[in-house]
Amino acid sequence: MSNPPLHDWNLAPKAAIELQKQLAGRVELEDRLERIRHIAGVDIGFEESGDITRAAVVVLAWPPAAPGEFEVVEQVVHREPTRMPYIPGLLSFREVPAALAAFDKLTTKPELVMVDGQGIAHPRRLGVASHLGLWLDLPTTGVAKSRLCGRHATPGDERGDWMPLMDGEETIGVVLRSRTGVKPVFVSPGHRLSLPTALEWATACLGRTKLPEPTRLADRLASRRG
DNA sequence: GCGACAG
DNA sequence: ATCTTGTCGC
């Protein structure tokens, strides 16, 4: 893949926050997708007590052979020294550099990328999925296991039930019951796609577990299990 | 000042 | 995120 215009990642919190406000203005929430043939899942894990950051990308073929049965086309792992501590709201500065390096190793070019974390459901509308989407210049959607910001009612108990995630009058994502009887996931568009489309793809990629297949497989690989 | 807080 | 065994439930 090409080398996106990287900025300085090692910024002080205050400077990082200002940069997020700038970059948020570049995020596109209109659908701008190519025909989907490959969907990538991305996640980051840590080794050596957190000293090593491990980025994993798994590419799945679309459509699946059978509902919920995806074929893994390619998967890569990239390890590098951890550069930033975890600070709520500034997650992308800790994870995106490693994710970009992992994408550089990728041979397949996905038309859609699912990221473990928030898209625009972020205080400044620049969660890790949005930030990564800008630098990859690819459609991305965020699927997080818990809430960062916003308020919402409890979605129904049936798989597929959802409720909007609101920040004041603004709808920033949806809380989706991805599996009956399990805590819901938080879906929000990252870049180059709308919320309805983000929800459609997150739902379309569901297997029989809580997380959509792209993110679930990347999660396993990043935690050196898969 | 007091909570809340993706991974 | 990560450290960790068994155990409850479909």
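First the proteins, then the strands, lettered A, B, ... as listed; each starts at 1.
In this structure, A:Phe93 and A:His131 have perpendicular ring planes: the angle between them is above 60°, well past the 30° mark.
Whole-Å rounding puts the A:Leu148 CG to B:dA6 C1' distance at 5 Å. Regarding A:Arg54, its CZ atom lies at a distance of 14 Å from the C1' atom of C:dA1, rounded to whole Å. Distance, A:Arg125 CZ to B:dA6 P: 16 Å, rounded to whole Å. The distance between atom CG of A:Asp219 and atom C1' of B:dA6, rounded to the nearest whole Å, is 13 Å. The CZ atom of A:Phe46 sits 7 Å away from the P atom of C:dT2 (whole-angstrom rounding). The NZ-C1' distance, from A:Lys145 to C:dT2, rounds to 13 Å in whole Å. Separating the CZ atom of A:Phe186 from the P atom of B:dG7 is a distance of 9 Å, rounded to the nearest angstrom. One can place CZ of A:Phe93 at 17 Å from P of B:dA6, the figure rounded to the nearest angstrom.
Taking a cutoff of 4.0 Å between a charged side-chain nitrogen and a carboxylate oxygen, A:Glu48 and A:Arg79 do not qualify as a salt bridge. A salt bridge is defined here as a Lys NZ or Arg NE, NH1 or NH2 lying under 4.0 Å from an Asp or Glu carboxylate O, and A:Asp137 with A:Arg26 fails to meet this definition. Between A:Asp43 and A:Arg220 no salt bridge is recorded (no basic side-chain N to carboxylate O distance below 4.0 Å).
Distances from the side chain of A:Arg224 to the nucleotides C:dC3, B:dG7, B:dA6 place C:dC3 closest.
At a threshold of 4.0 angstrom between heavy atoms, the contacts of A:Gly45 are confined to the sugar-phosphate backbone, with no base atom among them. No engagement by A:Gly50 is indicated, since no non-hydrogen atom pair under 4.0 Å with the nucleic acid exists. If you check every strand for non-hydrogen atoms under 4.0 Å, A:Leu90 touches a base. The residue A:Glu47 sits apart from the nucleic acid: no heavy atom pair falls under 4.0 Å.
In this model, the phosphate group of C:dC3 is not approached by any side-chain N or O of A:Ser49 to a distance below 4.0 Å at OP1 or OP2. In this structure, A:Arg147 reaches the B:dC5 phosphate: one of its side-chain N or O atoms is under 4.0 Å from OP1 or OP2. OP1 or OP2 of B:dG7 sits under 4.0 Å from a side-chain N or O of A:Ser146.
Of the possible polar contacts, one joining the A:Glu74 side chain to the A:Thr107 backbone as a donor-acceptor pair under 3.5 Å is found.
Both stacking criteria are satisfied for A:Tyr86 over the base of B:dG7: a centre-to-centre distance under 5.5 angstrom and an angle between ring planes under 30 degrees.
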